[in-house]
Protein chains: 2
Amino acid sequence: MATTQRRDGGGMSERRRARLRLEISREAARLFWEQGVTATSGDQIAEAVGLSTRTIWRHFRSKESCAEPIVMQGVVTLISVLRGWPRRSSLEDHLATELGRFRHEEPPVDRADEMLGMKMIRLADTEPALRTAWLMACDQTERELCAIIADCLERPAGDLEVRQHAAAAAAVVRVVEEHIGAVVLAGADATEFTDVVAVSRRFAHAIRTATGGVVGDAVA
Amino acid sequence: MATTQRRDGGGMSERRRARLRLEISREAARLFWEQGVTATSGDQIAEAVGLSTRTIWRHFRSKESCAEPIVMQGVVTLISVLRGWPRRSSLEDHLATELGRFRHEEPPVDRADEMLGMKMIRLADTEPALRTAWLMACDQTERELCAIIADCLERPAGDLEVRQHAAAAAAVVRVVEEHIGAVVLAGADATEFTDVVAVSRRFAHAIRTATGGVVGDAVA
DNA sequence: GCCTTGATGGTCACTTAGTGACATTCTGTC
DNA sequence: GACAGAATGTCACTAAGTGACCATCAAGGC
């Protein structure tokens, strides 16, 4: 197994665990995509990643949830970018600069993993078992948006109106991501989505519309 | 078992099956609520409804999906009302008159079932197994809204913008329903939600906002 | 009345997801 | 090197589902 190089006692174990989960998830997702979810057994995943079946169940509560980390990777960039949104710039501008930065300077997620994530989202459309994983990721986005929008509107995060805006925003983000994934996987001309500025504008416009215009503008 | 009284060959079987599924679902939901999902076995559900376990699996593909019909009952009224929306009246007015009609004249769903549905939605918050059932119901609403909004905007139902509006609208409806359920189950003062006009206004306003104002108005 | 037919439910054997208990190994600390 | 504890392997076990086959029952033709 890879070198651990922990600094303080116990804290690093968290990262180690996350890396292992991701590795398992990668193999599971590959198998799910290649031969379907039901045709993939826990034993197969275990063998592919080189662990015992029992250990798989120690890291994941169910077979389908093995896909979660890979799926979550797909939204983790967007979430972290949204979280860092300073309200003195418009949503379009912030997304464009930050997504661009992530794309070229420090890509936190492997390109192959990104493709795998899209494939899982695509599979979630027909495999009800995988749907949960995808919706968990969307739910995470929604919670994050709750905090952000609450901050924008200067209301508590549990406020009904805040939750409505967050749900609507997360929903349109979900639809756009599903659409991008479908287009990319279809092998069609995806240049429309390699332009970071265009994609940023699309996301920002969707969020602006879905929240009735209260989220997206820069504050003076 | 109940009398069959079929008229034509095979058509009635559909309804019979639906009734049986609902009956199983009712018992399953009751047990899920009383003792939790994991603590409820398939055998227990079978015994409660008076069938063999094998027959339960013939009607439901999984334990959790036993909750689906009851959960679906909660949205089926709203869906059918939305489907019947004539665009010459505003969404508020249509919802108020139709929901009122359903409430007093011909309630298609038992009050007890309605409460059970709320309980399942509540359970879905903590039991990931049940979440799928609830999200399936929301997904159904979203698909229905796709058709309605496509009609409003005179665009194809698969159009990206239509899907975004539908997703946003379905999301806010989900949040409002979760909120109503939580308030009712908390035993708090729920008079706010027994007033059909107020509830209709709330739904309509949420949808109007989430779709950027393009859905909700009457057309001239 | 009797037999066919088709749909539904029961019985039993079987696979597989997932857990509990305990032994083993691996990792970092002194 | 001895030690503590966290991670993993092994094995036995429960429970969710499935497949194959048989039993029952209502409807209709003769």
Side-chain angles (χ1 to χ4, degrees), chain A residues 1-25 27-29 31-32 35-68 127-133, chain B residues 1-25 27-28 31-32 35-68 127-130 132-133:
Chain A
M1 211 122 298
T3 50
T4 313
Q5 46 164 232
R6 58 163 63 188
R7 277 153 206 268
D8 53 349
M12 197 57 159
S13 163
E14 198 81 8
R15 287 193 206 172
R16 195 183 132 84
R17 184 180 172 81
R19 262 216 316 275
L20 181 53
R21 275 175 59 91
L22 185 61
E23 201 168 324
I24 295 172
S25 188
E27 292 304 313
L31 289 167
F32 288 165
Q35 49 186 339
V37 178
T38 50
T40 303
S41 70
D43 291 340
Q44 244 178 319
I45 298 173
E47 199 195 341
V49 71
L51 289 171
S52 82
T53 309
R54 184 66 183 86
T55 303
I56 301 295
W57 302 138
R58 254 193 272 268
H59 287 275
F60 293 95
R61 68 182 186 290
S62 72
K63 192 171 71 170
E64 315 86 59
S65 68
C66 288
E68 272 172 20
E127 299 260 15
L130 279 191
R131 187 164 229 109
T132 306
Chain B
M1 212 116 299
T3 48
T4 313
Q5 48 163 231
R6 56 166 62 188
R7 280 156 203 264
D8 53 348
M12 196 56 161
S13 162
E14 197 82 7
R15 287 192 207 173
R16 195 184 130 84
R17 184 180 172 81
R19 262 215 317 275
L20 182 51
R21 276 175 60 90
L22 185 60
E23 201 167 325
I24 295 172
S25 187
E27 292 302 315
L31 289 167
F32 288 165
Q35 49 185 358
V37 177
T38 51
T40 302
S41 70
D43 292 340
Q44 245 177 319
I45 298 172
E47 198 196 341
V49 70
L51 290 172
S52 84
T53 309
R54 183 67 184 87
T55 303
I56 301 294
W57 304 137
R58 256 194 270 268
H59 288 276
F60 293 95
R61 68 183 186 288
S62 72
K63 192 172 72 171
E64 315 87 59
S65 68
C66 289
E68 271 172 21
E127 300 260 15
L130 278 190
T132 307

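In what follows, chains carry the letters A, B, and so on, assigned in the order in which the sequence lines appear, proteins first and then strands, with residues in each chain numbered from 1. These numbers come from the heavy atoms of this one structure, side chains and all, not from hydrogens, waters or symmetry mates.
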| said: Return the CG to CD distance between A:Leu31 and A:Glu47, rounded to the nearest 0.5 Å. | reply: 10.0 Å

Distance-minimising heavy-atom pair for [X] and [Y]:
X       : Y        : result
B:Cys66 : B:Ile56  : SG-CG2, 4.2 Å
B:Arg17 : B:Arg58  : NH2-O, 3.8 Å
B:Glu64 : B:Leu130 : O-CD2, 4.0 Å

| Counting N and O atoms only, with roles assigned by atom type, does the side chain of A:Glu127 sit under 3.5 Å from a partner on the main chain of A:Val37, one being a donor and the other an acceptor? | yes

| task | Could you tell me whether the side chain of B:Ser65 and the main chain of B:Glu68 form a donor-acceptor pair under 3.5 Å? | result | no

Nearest-angstrom distance from the residue atom [atom1] of [X] to [atom2] of [N]:
X       : N     : atom1 : atom2 : result
A:Arg17 : D:dA7 : CZ    : P     : 7 Å
A:Ile56 : D:dG9 : CD1   : C1'   : 12 Å
A:Arg16 : D:dG5 : CZ    : C1'   : 13 Å
A:Glu23 : D:dT8 : CD    : P     : 11 Å

| query | Could you write nucleotides 11-18 of chain D as a row of B, S and -, 5' to 3', where a protein heavy atom under 4.0 Å of any base atom gives B, of only sugar-phosphate atoms gives S, and otherwise -? | reply | -----SBB

| Donor-acceptor pair (no angle test) under 3.5 Å: A:Arg58 side chain, C:dG20 base | no

| Do any side-chain nitrogens or oxygens of B:His59 fall under 4.0 Å of OP1 or OP2 in C:dG9? | yes

| task | Taking only the side-chain nitrogens and oxygens of A:Thr55, find out if one of them lies under 4.0 Å from OP1 or OP2 of D:dT8. | result | no

